[in-house]
Amino acid sequence: MFDLLAQTKQTPRIAVFGIGGCGCNTINQLSQSPLNDNVQLIAVNTDAQSLETSQCETRLQIGLETTKGLGAGAKPQKGHEAAQESEAQLRELIELADIIFFTGGMGGGTGTGAIPFMASIATELNKPLVVVVTTPFSFEGHQRNLLANKGVDELMQHANAVIVLPNDKLAKTLDKKVSLVNAFFESNRILQDVLLGLTTTISQSGLINIDLNDFIAVVDHQGQAAMGVAKQMPGEDLQLTINNALKNPLLEDVDLTHAKGAIVSVMASENIELSQYNFIGETLHQQLDESALVIIGLTIVPELDCELELMVIATGIQTPTEHSAVIVDASTITPQKERFTSVELLNIHEFLKEKSDSSNDDKHDLAELDTPTYTRNLNQSSAG
Ligand SMILES: Nc1nc2c(ncn2[C@@H]2O[C@H](COP(=O)(O)OP(=O)(O)OP(=O)(O)O)[C@@H](O)[C@H]2O)c(=O)[nH]1
Ligand SMILES: [Mg+2]
């Protein structure tokens, strides 16, 4: 069993579970990144050998009887039974955190079978849950893809915020001759970026403009989640960057004006201005449903290879299309080596205060920054 570090009230405890081979690989890579103290990585697998090599502090072997430590042999039913067998331990780990992330690959036995079952536990315990899963490369064959699609369908019944990243798309930017191991490794970088962006956003924005209830409100919408990413090069217009993030091919099929919430992760160099930060929030807010709640987190990456990078996850999109609507198009994401090695984890409040003090033109009252943009807008419109 593990001890989560003692937390202050404002910082939610986040548990990221990597489930099955893919999930464990992803969180192994994630464990190389600088994470906030409130983020706990947990490796869960039926495969004892894979767990032995895991670099996570907390590891849980599920289904000892069911699988004898040998994996679920690409049989989701076995993965499901393994999770059932270990329900008590899973429940205990899930119960300890305030916010839960599950990540893994759909198409094998453990991830496909265990993740939906674990999602049902998290939902039953009323935990806000975000699930990020991959679907197989097409070269892995029809059968795996069928299993994966069934798994995603099942998952959708248990979790509200499900983000599906097809391995084919993740690998789209890779050299054709890249080896399978490298393809996995590179696509894990993107998973790593998504999870890191999200957990950092939640941890940091917790310091300024969200509380746990805001986050729950955003992820708890029925419907789909969709994601867009865009980079801004020096001299480019911020409005264009926002448009690019929202114009992402994955968002083509979805009507963002119906999105009920958004989590926005902004990565920027230290030069970001308070007005830019505000502009992002306000512009996004205008694009979504009127009542949408927008949560913005900021990460300062001194050696960022662009001026700013935006990741937008929109939730509660009411489109009855299939999974295509939640698919991430990775062609807009370039995995970058060593990108997070010297990330500064900052206190957004202090950072923005500094920016605000140094900016004469900025009319924003600092007290406003404690209020979510959405609430501020509401207050302003009801006042005026
Ligand atoms: N992006 C990425 N995808 C992976 C990786 N490992 C596996 N996958 C994908 O995930 C799917 C499921 O594979 P695993 O995670 O190894 O399967 P499992 O959940 O451990 O299931 P069993 O081994 O059958 O018990 C595969 O079909 C791959 O498409 C990885 O490291 N990165
Ligand atoms: Mg496995």
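Computation of the quantities below employed the complete heavy-atom set of this structure, encompassing side-chain atoms and omitting hydrogens, waters and symmetry-equivalent molecules. One-based numbering, in listed order, for ligands and for the atoms of each.
Between Ala72 and ligand 1, at least one pair of N/O atoms sits closer than 3.5 Å. Considering backbone and side-chain N/O atoms, Gly71 never comes within less than 3.5 Å of an N/O atom of ligand 1. Taking any N or O of Gly21, backbone or side chain, at least one lies under 3.5 Å from an N or O belonging to ligand 1. Between Thr112 and ligand 1, no pair of N/O atoms sits closer than 3.5 Å. Here's the thing with Gly108: none of its N/O atoms is less than 3.5 angstrom from an N/O atom of ligand 1.
Phe17 is listed as a side-chain neighbour of Leu93, based on a closest heavy-atom distance under 4.5 Å. The side-chain heavy atoms of Met233 and Cys306, taken from C-beta on, include a pair separated by under 4.5 Å. Side-chain contact between Gln143 and Leu147: present, with at least one pair of heavy atoms (C-beta onward) separated by less than 4.5 Å. Proximity of Asn167 to Phe139: side-chain heavy atoms (C-beta onward) are nowhere separated by under 4.5 Å.
Counting only distance, with no hydrogens or angles, the side chain of Thr103 and the backbone of Val132 share a donor-acceptor pair below 3.5 Å. A distance-only check finds no donor-acceptor pair linking the side chain of Glu81 to the backbone of Gly63 [under 3.5 Å]. Glu85 places a side-chain N or O within donor-acceptor distance of the main-chain N or O of Glu65, the cut-off being under 3.5 Å.
Using a 4.0 Å heavy-atom cutoff, Met106 is listed among the residues neighbouring ligand 1. Residue Gly73 places a heavy atom less than 4.0 Å from ligand 1. Look at Ala74 and you'll find a heavy atom under 4.0 Å from some atom of ligand 1.
Selection from Lys78, Lys75, Arg144 by nearest heavy atom to atom 26 (C) of ligand 1 gives Arg144.
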Validation: residues 113-130 side-chain donor-acceptor distances under 3.5 Å, sequence neighbours left out:
unit_1: Ser120; atom_1: OG; unit_2: Phe117; atom_2: O; d: 2.5
unit_1: Thr123; atom_1: OG1; unit_2: Ala119; atom_2: O; d: 2.7
unit_1: Thr123; atom_1: OG1; unit_2: His158; atom_2: O; d: 2.7
unit_1: Glu124; atom_1: OE1; unit_2: Arg91; atom_2: NH2; d: 3.2
unit_1: Glu124; atom_1: OE2; unit_2: Arg91; atom_2: NH1; d: 3.1
unit_1: Glu124; atom_1: OE2; unit_2: Arg91; atom_2: NH2; d: 3.4
unit_1: Lys127; atom_1: NZ; unit_2: Glu95; atom_2: O; d: 3.0
unit_1: Lys127; atom_1: NZ; unit_2: Ala97; atom_2: O; d: 2.8

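Counting the atoms of ligand 1 from 1 in the order shown, those under 4.0 Å from a heavy atom of Pro136 are 29 (O). Heavy-atom proximity to Asn25, at under 4.0 Å, picks out these atoms of ligand 1: 6 (N), 30 (C), 31 (O). Residue contact check: Gly20 has heavy atoms under 4.0 Å from atoms 19 (O), 20 (O) of ligand 1.
The part of Asn167 lying near ligand 1 is the side chain, judged by heavy-atom distances below 4.0 Å.
Residues Glu282 and Gln286 have side chains that never bring a donor and an acceptor to within less than 3.5 angstrom of each other.
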